[in-house]
Amino acid sequence: MLDTQEQPSIPDASYLIGLNEMQRQAVTHTEGPLMIIAGAGSGKTKVLTSRIAHLLKEQKATPHQILALTFTNKAAAEMRHRIVGIIGDSAKAIWLGTFHSVFVRFLRMEAHRLGYPAHFTIYDSEDSKSLLKQIVKDLNLDDKIYKPNLLLSRISHFKNKLISAHIYAGHSTYQTEDARMRIPRFGEIFLRYTNYCHKAAAMDFDDLLLHTHTLLHNNAELTETYQRKFSYVFVDEFQDTNLVQYSMLKKLVAHHQNICVVGDDAQSIYAFRGADIQNILHFTKDYPQHTVVKLEQNYRSTKRIVDVANQIIRHNEAQLPKKVWTDNNLGEPIEMVKATSDVEEARLVVASLLAQKRKHAVLYQDFVILYRTNNQSRNFEEALRRSNIPYRIIGGLSFYQRKEVKDFIAYLSFLVNHNDAESFKRIINLPKRGIGSVTVDKIFAIAYEQERSLWDILCDATGFLGGAVAIAVGRFVALIQEMTDRLASENAYLVAVAVAKESGFLKELYEDKTIEGLTRYEHIQELLNGIKQFVDDAENNDASLGRFIQEIALITDGDQETQQQDAVTLMTIHTSKGMEFKYVYLVGMEEDLFPSSMMLGSKADVEEERRLFYVAVTRAQLKLTLSYALSRYRFGKLTHTQPSRFLNEVVLVPQEPKKVGMAPTRVVNVPPRGNINGTFKIGDHVKHAHFGTGQIIQLMETEGVSKAIIFFHNRGNKTLLLNYAKLEILPTQ
DNA sequence: CATGGCCTATTTTTT
DNA sequence: ATAGGCCATG
């Protein structure tokens with residue numbers, strides 16, 4: 001046990017310098033439940049990290065007695081970095097990470113109690129949907145009615161509310177609801193889904209939390225161990241927790257009661273995945289002796305921006321009383337960009353962006369373009385490219401979601417877990433082995449009927465399958481067996497390379513000489529490099545393939561470390577949470593887009609959209625620009641649009657003299673003639689072996705790879721990797 | 001069992 | 001606009 005004797009605090013400790021009164025209060029509060037309501041830009045991360053540093057310096061706890069939970073890897077990395085900065089390397093022993101990654105670590109040690117191996121497979125939504133599709137098919141149901149998306153979100157919804165398939169089956173009210181929703185057999189699907197996952201030794205995202213909860217709930221002595229271990233527990237973005245997470249937290253802190261939650265009800269934007277603002281209210285009731293500290297001073301934004309943000313949130317009924325204010329300058333007026341079309345919107349925004357950049361002599365990386373939906377990025381990419389502005393898109397399709405990457409990971413996953421059915425489906429006929437869907441269905445049917453494992457059936461293929469197919473399956477099994485054996489003596493990287501080669505996977509990609517094929521090939525090389533790095537990383541005490549796969553399952557695109565390159569950032573508002581930029585462009589301020597047409601159903605939904613608006617606005621430090629278009633392509637069709645209702649809710653005062661009917665600053669931009677490596681330049685006429693002749697319209701460099709967009713006279717625009725593409729420069733006509 | 005062409009649903013956000 | 005699903009054909 002720790003020495004809990006009060007020690008004199010060090011008033012001039014470096015981490016206390018520069019804190020305001022409330023921040024200092026939060027940092028130095030060391031005993032009992034604490035709730036910090038932190039307005040946007042109020043120095044929340046600073047307070048959290050300082051408080052942890054304080055506990056360590058005051059010897060209230062050792063690093064491994066502290067549990068700190070965030071929602072994104074990025075936030076966790078940032079906190080870790082800052083604490084290590086104050087405390088030193090010893091702080092690395094803190095249990096600090098996202099809910100999901102911390103509990104994966106816990107489950108690796110404890111999931112055997114639920115019949116799971118340490119290196120269980122993590123299914124992403126795509127895997128989950130594929131499994132659901134199969135179940136619907138197995139049950140001979142109509143997939144127009146039993147849509148995978150609907151099923152998965154409903155399953156997720158119940159799991160987040162601590163309602164498992166078994167509990168679900170025992171409550172007739174749910175079945176009544178299913179009948180009303182015309183999906184009477186949902187319960188059956190839910191149960192099968194649960195069973196299939198268990199048999200495949202797989203967990204979906206929600207299971208990572210739910211199974212942890214189950215373990216804590218059912219094992220008193222296990223729970224007690226962790227209750228004693230973690231003398232201090234921290235939760236960031238508390239307004240985003242769901243019932244499972246909150247319930248788990250309560251269990252974990254039951255012994256010491258030293259729980260510190262930090263949140264902002266105004267920034268709750270994840271209700272759709274089960275987040276419940278009510279947890280803030282529950283907290284105050286569950287811990288009556290708690291202390292509340294409100295951080296209301298905003299250090300991030302100008303007065304005008306804070307003013308607009310406050311105006312926005314005032315329109316919501318559901319909110320905690322708080323006054324966010326700032327001492328910062330008044331700042332520049334909020335600007336409106338009004339465009340006739342979505343294409344023009346992008347052009348005007350980019351022109352304005354360039355004008356701002358020149359006027360204030362700032363960098364591209366000081367700018368962000370925020371939108372409601374990922375698909376809005378397209379026009380802006382186009383416009384940025386035209387103006388030769390470097391940009392970086394965060395979100396959308398991440399590296400690990402690319403088909404070829406997922407396919408190859410499926411191979412690795414199957415090596416680790418021979419019953420991973422979703423991975424099996426991906427790789428059994430990749431490259432082509434003459435094993436089609438009929439055979440695959442048969443294998444699953446037999447496994448189901450005989451209640452045997454997938455791998456067991458595969459090893460016994462000759463017993464069920466005819467000649468050629470049986471031989472093909474036998475070869476596949478032999479390959480997997482051999483690679484699995486090698487995994488026992490060789491490191492993960494070497495085995496991964498062997499799999500890539502000996503399965504024929506890499507060869508097939510290599511033989512595809514199209515640009516897309518080359519890119520895919522490059523992605524696999526990149527993945528292999530990633531594995532090598534993981535293996536070489538000395539800090540990984542467990543450099544196994546199984547662990548690698550579990551880790552990458554939890555990586556999201558927003559986590560990618562900000563590259564050094566000076567570039568404009570594009571992302572959704574959701575992804576931008578927790579970040580700040582000097583200049584923010586919030587685009588697509590239109591009815592049905594923002595607020596989304598999907599969110600007009602209830603007041604609560606519209607209020608969530610409004611909080612999203614609030615989040616977007618409060619990202620801005622110096623200047624905020626809003627934009628909308630009067631027409632927009634949707635589903636490939638031109639549609640008429642109306643300015644967002646949100647625009648009527650804010651008064652942009654004090655205003656500059658109005659330029660009626662004028663679009664803001666237009667800048668005629670002449671793209672500089674780029675010249676990346678001295679070989680190619682924009683406008684060059686080139687010849688390519690496959691695509692014929694064309695002209696370079698754009699050169700760029702992303703992640704150290706030089707690419708060119710070339711307009712080929714017969715094929716249209718193609719993006720080529722200059723390292724690979726065999727291009728011949730033609731003399732200019 | 002593999003391939004290619006046509007049709008369709010999709011678009012809200014993400015750990 | 002586009003990717004994935006379905007069907008017909010080889």
Side-chain angles (χ1 to χ4, degrees), chain A residues 69-76 97-104 122-126 128-130 133 137 143-144 147-150 152-153 156 159-160 203-210 237 240-242 244-245 268-275 342 370-379 394-398 400-403 428-441 466 468-469 472 552-559 571-577 588 592-601 605-606 608-609 611-613 615-616 632-639:
Chain A
L69 298 163
T70 66
F71 275 85
T72 64
N73 294 308
K74 195 172 176 176
T98 64
F99 273 91
H100 290 83
S101 68
V102 165
F103 293 129
V104 162
I122 300 172
Y123 278 174
D124 67 12
S125 323
E126 197 187 340
S128 296
K129 276 183 227 166
S130 158
K133 236 180 249 177
K137 201 173 143 196
D143 62 1
K144 299 268 178 353
K147 292 179 187 161
N149 271 324
L150 170 75
L152 184 59
S153 69
S156 174
K159 283 185 181 173
N160 288 333
M203 297 189 198
D204 66 18
F205 288 136
D206 301 319
D207 289 334
L208 299 178
L209 305 176
L210 191 60
E237 308 279 13
D240 287 337
T241 52
N242 61 34
V244 181
Q245 288 162 326
S268 165
I269 54 173
Y270 283 111
F272 70 90
R273 67 171 197 219
D342 48 354
L370 299 178
Y371 34 75
R372 179 65 178 82
T373 63
N374 276 304
N375 66 352
Q376 286 168 261
S377 68
R378 187 167 245 113
N379 290 323
I394 302 186
L397 193 63
S398 89
Y400 295 103
Q401 288 174 311
R402 291 171 193 285
K403 187 187 175 302
I428 180 60
N429 206 26
L430 191 96
K432 303 264 180 292
R433 298 185 173 88
I435 305 168
S437 61
V438 177
T439 307
V440 172
D441 288 350
V469 178
I552 60 175
L554 299 176
I555 292 178
T556 63
D557 219 37
D559 299 328
M571 64 181 136
T572 64
I573 304 167
H574 281 89
T575 309
S576 76
K577 182 136 157 237
D592 289 343
L593 183 59
F594 191 29
S596 160
S597 55
M598 312 294 287
M599 296 290 272
L600 302 176
D605 281 351
V606 175
E608 171 138 326
E609 292 285 285
R611 288 191 294 271
L612 195 54
F613 185 25
V615 167
R632 179 175 297 276
Y633 275 92
R634 260 190 149 175
F635 302 114
K637 275 207 182 68
L638 193 66
T639 54

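All values derive from a computational prediction rather than experimental measurement. Chain naming here is simple, since letters A, B, ... match the order of the sequence lines and numbering starts at 1 in each.
Contact annotation: A:Asn149 reaches the phosphate of B:dT11 (side-chain N/O to OP1 or OP2, under 4.0 Å). The side chain of A:Arg433 contributes no N or O atom lying less than 4.0 Å from OP1 or OP2 of B:dC1. Taking 4.0 angstrom as the limit, A:Asn374 places a side-chain polar atom (N or O) nearer than this to OP1 or OP2 of B:dT14. Phosphate proximity of B:dT15 to A:Ser101: absent, as no side-chain N or O sits under 4.0 Å from OP1 or OP2. Dashed line: the shortest gap from a side-chain N or O of A:Ser437 to OP1 or OP2 of B:dC1 is not under 4.0 Å. Between A:Lys133 and the phosphate of C:dG5, there is a side-chain N or O to OP1/OP2 separation shorter than 4.0 Å.
Judged purely by atom type and a 3.5 angstrom limit, A:Asn160 uses its side chain to pair as donor or acceptor with the backbone of A:Ser156.
The separation between A:Met599 atom CE and B:dT13 atom P is 12 Å, rounded to whole Å. Following rounding to the nearest Å, A:Lys129 (NZ) and C:dA3 (P) show an atom-to-atom distance of 16 Å. In this entry the distance linking CG of A:Leu209 with C1' of B:dT14 reads 13 Å, nearest Å. A straight line from CG of A:Asn379 to P of C:dA1 spans 11 Å, rounded to a whole angstrom.
Ranking B:dT11, B:dT13, B:dT12 by closeness to the A:His574 side chain, first place goes to B:dT13. Distances were taken from every side-chain heavy atom of A:His100 (C-beta onward) to each of B:dT12, B:dT15, B:dC1; the shortest belongs to B:dT15. In the set B:dT15, B:dA2, B:dT11, B:dA2 carries the atom at the smallest distance from any side-chain atom of A:Asn429. Side-chain proximity of A:Asn375 to B:dT11, B:dT12, B:dT3: nearest is B:dT11. Among the nucleotides B:dT12, B:dT15, B:dT11, the one closest to the side chain of A:Ser596 is B:dT12. Listed nucleotides: B:dT13, C:dA1, B:dC1. Nearest to the side chain of A:Thr572: B:dT13. In the set C:dA1, C:dG5, B:dT14, B:dT14 carries the atom at the smallest distance from any side-chain atom of A:Phe272. When each of B:dT10, C:dG5, B:dC1 is scored by its nearest atom to the side-chain atoms of A:Val438, the top-ranked nucleotide is B:dC1.
Residue-environment remark: OH (A:Tyr633) stays at or below the threshold of 12 foreign heavy atoms within 6.0 Å.
Ring centroids of A:Phe71 and A:His100 are separated by 6.0 Å or more, keeping the two rings apart.
The ring of A:Tyr270 does not lie on top of the base of B:dT14; it is either too far (5.5 Å or more) or too tilted (30° or more).
Each of A:Leu612 and A:Lys144 was matched to the nucleotide of DNA chain B holding its nearest heavy atom; the match closer to the 5' end belongs to A:Lys144. In terms of position along DNA chain B, the nucleotide closest to A:Gly434 lies nearer the 5' end than the nucleotide closest to the other residue of the pair A:Lys147 and A:Gly434.
Within 4.0 Å of A:Lys637, counting heavy atoms only, lies no atom of the nucleic acid at all.
Donor-acceptor pairing under 3.5 Å, judged by distance alone, is present between the side chain of A:Arg372 and the base of B:dT12.
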